[in-house]
Amino acid sequence: MEAVAVIVALMFAVFVALGVIAVVRSVRAVKRGVDRTVTQARRTVEDTRLKAKQYVQPGAPGEVAELRLSLRTSMRATQEALRAAAPDDPSLSEALALFKRLSTHGQEIDADLKRLEAEPDKARVAGSLPELRERVERVTHSADSLRWAAQDRARQFADDDLALLSEQIRMEAGALRHWTTEEEPQAAPTGAGAGARTPGAGSTGGGAESSEAATTAGTEPERPAITARDAWRQPGYSWQKTRRPESTT
């Protein structure tokens, strides 16, 4: 009885532990989903604000908003492209590592632009814009290069796979239509071989022996030469009289 009670207690403890683990994982998954949704909502609101500011406020403030929007759009597009292609292409691990280093510089530039956006001194903003614009162009160019290279690589893989698949389908289609393969017709016998199949009417014993010898050798018998009809061997008909030899009395 004590052993049964211990086993039941252990099973209960295991079930409770599994239930706790499942609950914790569910809570973490929900938390990650909420954080992802909040982050995406904040990003959308920030992008919308920058777009509005880009068109509403002319001059330096509008240019700052345009630079921030360009930087954020390029970095986000490259990040999504690399993350989407990395699971299928392990060779992009180095590109991801380079992008993380590039993201650090992008975040620093975005922070500088954000501080410059709140700067009340218009002259200072105008003086800092050329340097920040150059840095933004360098970062966005590098990000675009990584994204385009990853996209070209994925497109090339897709083209190669499609070409291989098309060739395999062509071969399989030909194998499925195996009944359409016709054998080459055998050459019809001509010349002496064709005439050998029709025995001559005036064949002699020597001709028969030569025919048998030719058949034994694996060749078609030759047709004997055409000679004059033998009156004694000429086949007769019912309305013809049989010619008697002279010696007959």
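Residue numbers start at 1 and run along the sequence shown.
- Residues I109 and L129 fall within the same hydrophobic cluster, defined by Ile, Leu, Val, Met, Phe, Trp and Tyr side chains chained together at heavy-atom separations under 4.5 Å.
- Within a 6.0 Å radius of CZ in R76, other residues, nucleotides and ligands contribute more than 12 heavy atoms.
- Annotation for R124 and L116: closest pair O-CD1, 4.3 Å, computed over non-hydrogen atoms.
- With hydrogens and angles ignored, the 3.5 Å screen pairs no side-chain donor or acceptor of S70 with any backbone N or O of E66.
- Here CD of E117 is found 9.0 Å from CG of D110. Values are rounded to the nearest 0.5 Å.
- Between the CD atom in E80 and the OG1 atom in T78 there is a gap of 9.5 Å [rounded to 0.5 Å].
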Kindly list each side-chain donor-acceptor pair under 3.5 angstrom involving residues 139-146, sequence neighbours excluded, with atom names and distances?
from: T140; atom 1: OG1; to: V136; atom 2: O; distance (Å): 2.8
from: T140; atom 1: OG1; to: E137; atom 2: O; distance (Å): 3.0
from: S142; atom 1: OG; to: R138; atom 2: O; distance (Å): 3.0
from: D144; atom 1: OD1; to: S74; atom 2: OG; distance (Å): 2.8
from: D144; atom 1: OD1; to: R147; atom 2: NH1; distance (Å): 2.9
from: D144; atom 1: OD1; to: R147; atom 2: NH2; distance (Å): 2.8
from: S145; atom 1: OG; to: H141; atom 2: O; distance (Å): 2.8

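- With rounding to the nearest 0.5 Å, the separation of CG in L132 from CG in L71 is 10.5 Å.
- Between R170 and E167 a salt bridge is recorded (basic side-chain N to carboxylate O distance below 4.0 Å).
- Here the CZ atom belonging to R135 is positioned 8.0 Å from the CG atom belonging to L113, to the nearest 0.5 angstrom.
- With a 4.5 Å cut-off on side-chain heavy atoms, L69 and R72 do not count as touching.
- With rounding to the nearest 0.5 angstrom, the CD1 atom of I21 is 6.5 Å from the CZ atom of R25.
- Residues near W148 contribute nothing to a hydrophobic cluster around it, because no ILVMFWY side-chain heavy atom sits closer than 4.5 Å to its side chain.
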Show which side-chain atoms of residues 92-108 pair as donor or acceptor with protein atoms under 3.5 Å away, not counting sequence neighbours.
from: S93; atom 1: OG; to: P90; atom 2: O; distance (Å): 3.2
from: S103; atom 1: OG; to: F99; atom 2: O; distance (Å): 2.8
from: T104; atom 1: OG1; to: K100; atom 2: O; distance (Å): 3.2

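- No continuous path of ILVMFWY side-chain contacts below 4.5 Å connects L10 to L18, so the two sit in separate hydrophobic clusters.
- Checked by atom type, the side-chain pair Q156/D160 shows a donor-acceptor distance below 3.5 Å.
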